[in-house]
Structures are given as C-alpha cells and as structure tokens.
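A note on names: the letters A, B, ... follow the listed sequences, proteins ahead of strands, and every chain is numbered from 1.
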There are 2 protein chains.
Amino acid sequence: MPEIEALKSGSSTQRDGLNHQAIEDYLKTIYMLAELESPVSTSRIAEARDVKPASVTSMLQRLAKLKMVDYKKHSGVTLTTAGEKVALEVIRHHRLLELYLMEALGFEWDEVHEQADILEHVISEKLEERIAAFLGHPTVDPHGDPIPAKDGTIVAVDTISLANLATGTQAQITRIIDDANSEMLRYLAELGLTPGTEFTVVDIAPFDGPFSLQVGDNVKIVGRTIANSILVTFV
Amino acid sequence: MPEIEALKSGSSTQRDGLNHQAIEDYLKTIYMLAELESPVSTSRIAEARDVKPASVTSMLQRLAKLKMVDYKKHSGVTLTTAGEKVALEVIRHHRLLELYLMEALGFEWDEVHEQADILEHVISEKLEERIAAFLGHPTVDPHGDPIPAKDGTIVAVDTISLANLATGTQAQITRIIDDANSEMLRYLAELGLTPGTEFTVVDIAPFDGPFSLQVGDNVKIVGRTIANSILVTFV
DNA sequence: AATTAAGTTTAGATATACCTCAAAAGCTAA
DNA sequence: TTAGCTTTTGAGGTATATCTAAACTTAATT
C-alpha cells in the first residue's frame, strides 16, 4: 500500500532528541546581547526571553554541556565558536526571510518579523540557499541589519545613533534597531524614515526634546525613543 | 533599552499550550486514511505514523477531547467538521508549498515533499494567502493532488489507477500517489511520466507483469508498483 | 574586614507532550 | 464459545520548560 508510505513521512517530527527551537533562540539571544555587553548575564537573558533567571541558568548548563557556550557560575556566558556559528545561521535565516517575504511576496516592512521568527528554525540549507540566490545574496535586510554570510562573515557598517547627532549634521539612515516593534516600524515607514533615507538634523529641542529632521522638502519630527532606534552613517 | 524589546519577540515560542505539529499530523493522517476506509482504525494510524497502537489510542482520546474526532472505543475514528477543517488546511498548506517551492524557487519534483511537511505547520494565514495568490490560486499540486480551497472544497477529478487499464486504452496521467517516495518520483520524472502526460497502453505482460506505455514516439515500461501509484483519466 | 544589596544558582515541584511496554479487555468470526 | 486479533489501560520513561523559595556569590559600601 503505497499510500501508507506516503503518510509516513507526513508524520515525521523532529524525534532527534534536541529541540532546536529553544536552543537556537537562546543562542540568538545571547549573540545579540553580547553585542551590547559580554559576557552576558543570566538576568539579561531572562529579561530578553521573558523567563525567570532560574530557567535561564538551567538552559545555560544545558548549552554548556553541548559546548555551545562557555559558562562559569556567576560570571555570565559567552558563545563558543560552535555556538556563534549556530546563532549566526539563525540570524542569517531570519534576515534572509524578512527580505524574501518583502521582495518575493509583497509583505510590508512591519509584517515580516513574526513569520521570520518561526521560519528561521525550520528552513533547510537548500531552501536558505535558494532564497539567498533569489535575492542576489544580499548583505542587508529590510531594517538595515547586516545578513551574516554563510561562512559567518558580517559586513559591518560603522553607525552611530541618531540620538547622538548634533544640529546641522547630515546623515543617512542605515538601520532601525528593534525590528520586533511593528507599530514603530509602521510609523517610521509612514514618516518615510527607512534605511537609505538621507536627512539633516535641523533642530534638537532642549530637555531631551524631539529631533527635527529635514528630509527632502519636509521636516519630520521624532522623539528620543525613536532617535535611539535609528542608526545612521554620515554622508 | 529598545534592543531588549527587539530580542523578546525573537524568543517567543509557541507557549500557547497546544503543540500543533503532532495534532495536525494526526488529523492529516486520519483524513488521508479515511479516503481509503472510514472509520479509521487505531492500528492503521499506528502503521502510517510508525508508532505503537497504544500511542495512537491516547492521542485519539486527546483529539476527541478537542472535538477534532468522533471516537468510540474499539470502533475507530472519523474526523469531526472541525477536525476535517484542520486537516484540509494542513493539506492545503502542504500542496501549495510544494507547488510554490517548484514554481518560485526552482526545486525539483522529488525535493519538495520533506520541506513542505515541515513548513505546512508553521505558515501564517497571510503567508498562505500570498503564496496562493502568487500561484494564481491553483487547484492541483505538482503530483496532481488536488489542493483544497480555503473553504474546504476540493476539485475532485475522477481517476482510475493505471493498473486497472486494459491494453489499447488511451489515458492521461493526472496524479501520482505516494509523494513521499522521492526515488520513485525522480524515476518517473526521468521517464517523463508526470501529470499531464498522455499515453496509450500498448502491452500488459501476463502474470502481473509490467505495462508498456506509448508516450509520443517512445515506449516506457513500468512495473505493477508504479502502475498502482499512477492515477489517470481517459482522454 | 564586615555588611549588605543585587544578582545567581540550586533544589524541589509542576506540567506537558510525546512515547513505550506489558497485560487486561473487547470484538468477531469460525 | 472460544481462538485470534485488535484495542485499551495503566504504569512508566524521556525530554523540555517552567516556577518558587532558599542558598549562595560577588562586588560595592561602610
């Protein structure tokens, strides 16, 4: 009965012992937090993942056993080479997927993050490769985040937060941090403040006040929170 | 710290209680087995999923509690309307994905099943919709299997197994059963026996022997196993 | 050096989602 | 009615993920 055979594979779950999803998510979280501060502390991870520190500790012990992190009690973690490789692969998947969903399937800027977060763990090497090829092996995703290459290299662009600019400065948006907050992304897209946009800081209101940005003929005003999330390069 | 926010969603797993994957796979299995014989017995499902009958029983009890199946001890299961809806959705996803991977990303006939089996459980409604639109809302997948519409309708084509044809019959391949067996699919593709192909049965060897099919100027010979897996319509 | 506050780890307990095996129970057809 | 098969039950296993509360470490402050 060939039908039975056909059904069989339909049922094959990951029975290989490891639940990749959680592990990959932790490694990704650690990688990203390590960019801000390394080694990464238990509580930082707990915050980011929205779990209790105790849960993080046990996961770190598991990751240490898998040689994915260097972990010594009370002193935080760093990724091993193996761990970093996994993290970069997941991030690569994520960013390729975001770009693909926009380019190939017409999704909006603010819609892609969630779906990519799920798909990043399940696409095969081959699918990743096809997607990358379709996109012409891009190095930057729709939010301006760099896409790690297959070998782990990242094309890093020297950026500075818009919040640190002085009045009169000319700059170009290269990256929007916080790709989880689709409301902000929608808002920024509305304002026309997307990666690639050039602008001049025409005013900074005192007492942590908003920034006025000249974009073409218009002036756009953004608050501190947004200014912090926008990374720029000088033109 | 906006970065923390960004990471948060990166970590969000399905914490919603249900592990969809297994449930969906069971429902899909039951749906497909029910096409052969309904109600579907425990052992049939166990075979198809390659688990022990006892495991099936407990899953059936779980599915019954979820109102996905009608289940009465010792008498097999049938899907409820809700259960069928889920099964059809998963099947729709699967077949759309297979077609999409081929059409949009250049995968081969025999490569798409595995990846689709995983992706079918994780694509959002919106992604499904975009994929369907990209493909022009198709009703048939690369193996000739009908793709259920969003409302659950299936365009059924009246088919008969090639194995039942008599010598001299003219027919067209509409469907290849057993999309899990990529070796067979590769072989069939090599022979040029894919859905849409027209042929005439020029010989059937006795004692369950092979079929000789005239395809254009060539004669292709296929054994019983393959003949059973090929469904045809008359021309 | 001792104290304290903050952060971290352990221990113990739940919970879920599978799965298995062995034995009991139920069905069906000769 | 009983043999043979299928199905269910019940007990138990593994893996993962979580929590609370108590114990501990570290680093900063006195």
Side-chain angles (χ1 to χ4, degrees), chain A residues 4 8 10-30 33 36-66 68-78 86 121-122, chain B residues 1 4 8 10-30 33 37-66 68-78 86 117-118 121-122:
Chain A
I4 297 286
K8 231 172 218 167
S11 60
S12 80
T13 322
Q14 263 115 311
R15 226 170 272 126
D16 48 13
L18 300 179
N19 183 351
H20 290 166
Q21 175 105 343
I23 290 174
E24 287 175 0
D25 275 335
Y26 266 94
L27 293 174
K28 183 175 148 190
T29 302
I30 294 167
L33 290 173
L36 309 176
E37 187 185 26
S38 180
V40 181
S41 72
T42 303
S43 52
R44 215 54 57 245
I45 300 168
E47 256 175 78
R49 303 229 34 187
D50 206 12
V51 295
K52 295 286 178 289
S55 310
V56 174
T57 298
S58 63
M59 182 52 114
L60 293 183
Q61 289 163 343
R62 199 143 80 85
L63 291 174
K65 228 181 262 165
L66 293 169
M68 290 293 171
V69 297
D70 286 322
Y71 172 62
K72 233 180 59 194
K73 283 200 220 180
H74 297 284
S75 53
V77 269
T78 52
V86 173
H121 303 291
V122 298
Chain B
M1 245 186 200
I4 297 287
K8 230 173 218 167
S11 58
S12 81
T13 321
Q14 264 117 308
R15 225 171 272 124
D16 48 16
L18 300 179
N19 186 351
H20 290 168
Q21 175 104 345
I23 290 175
E24 288 175 358
D25 275 335
Y26 267 94
L27 293 173
K28 182 175 146 189
T29 302
I30 294 167
L33 289 173
E37 186 186 24
S38 181
V40 182
S41 73
T42 302
S43 51
R44 215 54 56 249
I45 299 170
E47 257 176 77
R49 303 229 32 184
D50 207 12
V51 296
K52 295 289 179 290
S55 313
V56 175
T57 299
S58 62
M59 181 54 113
L60 293 183
Q61 288 163 345
R62 197 143 81 85
L63 291 175
K65 229 181 265 167
L66 293 169
M68 291 292 171
V69 297
D70 286 320
Y71 171 64
K72 234 180 58 194
K73 284 200 218 178
H74 296 286
S75 54
V77 270
T78 53
V86 173
D117 248 351
I118 297 171
H121 303 292
V122 298

* Choosing from dT8(C), dC21(C), dT16(D), which nucleotide comes nearest the side chain of R62(A)? -> dT16(D)
* **Distance in angstrom units between L60(A) CG and dT16(D) P, rounded** => 15 Å
* Using atom types as modelled and distance alone, determine if a side-chain donor or acceptor of T29(B) lies under 3.5 Å from a backbone N or O of D25(B). => yes
* **Rounded distance (Å) that lies between atom C1' of dA17(D) and atom CZ of R49(A)** => 10 Å
* Check every atom of dC19(D), dT16(D), dT10(C) against the side chain of S55(A) and return the nucleotide holding the closest atom. => dC19(D)
* Just compare dT10(C), dG10(D), dT9(C) and give me whichever is closest to any side-chain atom of A54(B). => dG10(D)
* Residue T57(A), side-chain atoms from C-beta onward, closest of dG26(C), dT9(C), dT18(D) -> dT9(C)
* Looking for any heavy atom pair under 4.0 Å, which part of the strands does S41(B) touch: base, sugar-phosphate only, or nothing? -> sugar-phosphate
* Asked: Does T42(B) have a side-chain nitrogen or oxygen under 4.0 Å from the phosphate oxygens OP1 or OP2 of dT8(D)?
  -> yes
* Asked: Looking at side-chain heavy atoms only, is the closest gap between V77(B) and I45(B) below 4.5 Å?
  -> yes
* Using whole Å, report how far OH of Y26(A) lies from C1' of dT18(D). => 9 Å
* Asked: Is the closest side-chain heavy-atom distance between V69(A) and L27(A) below 4.5 Å?
  -> yes
* Would you say the side-chain atoms of T57(A) pair up with the backbone N or O of P53(A), donor to acceptor, closer than 3.5 Å? -> yes
* Structure fact -> Taken to the nearest whole Å, NZ/K52(A) to P/dT16(D) is 22 Å
* To do: Compare the minimum distances between each of dT8(D), dT20(C), dT7(D) and the side chain of Q61(B), then state the nucleotide with the smallest one.
  => dT8(D)
* Asked: Just how far, in rounded Å, is C1' of dT26(D) from NE2 of H74(A)?
  -> 8 Å
* Tell me which nucleotide among dT26(D), dC18(C), dT16(D) gets nearest to the side chain of A22(A). => dT16(D)
* **Side-chain heavy atoms of L63(B) within contact of Y71(B), under 4.5 Å** => no
* **d(CD, Q21(B); P, dA17(C)) in whole Å** => 14 Å
* With respect to the side chain of K73(B), which nucleotide from dC19(C), dT9(D), dT25(D) is positioned closest? -> dT9(D)
* Asked: Roughly how many Å is it from CE in M59(B) to P in dT8(D), rounded to a whole number?
  -> 15 Å
* Asked: Roughly, in whole Å, what's the span from CZ in R44(A) to P in dT9(C)?
  -> 13 Å
* Does dT8(C) have OP1 or OP2 sitting under 4.0 Å from an N or O in the side chain of S43(A)? -> yes
* Taking only the side-chain nitrogens and oxygens of Y71(A), find out if one of them lies under 4.0 Å from OP1 or OP2 of dT8(C). => no
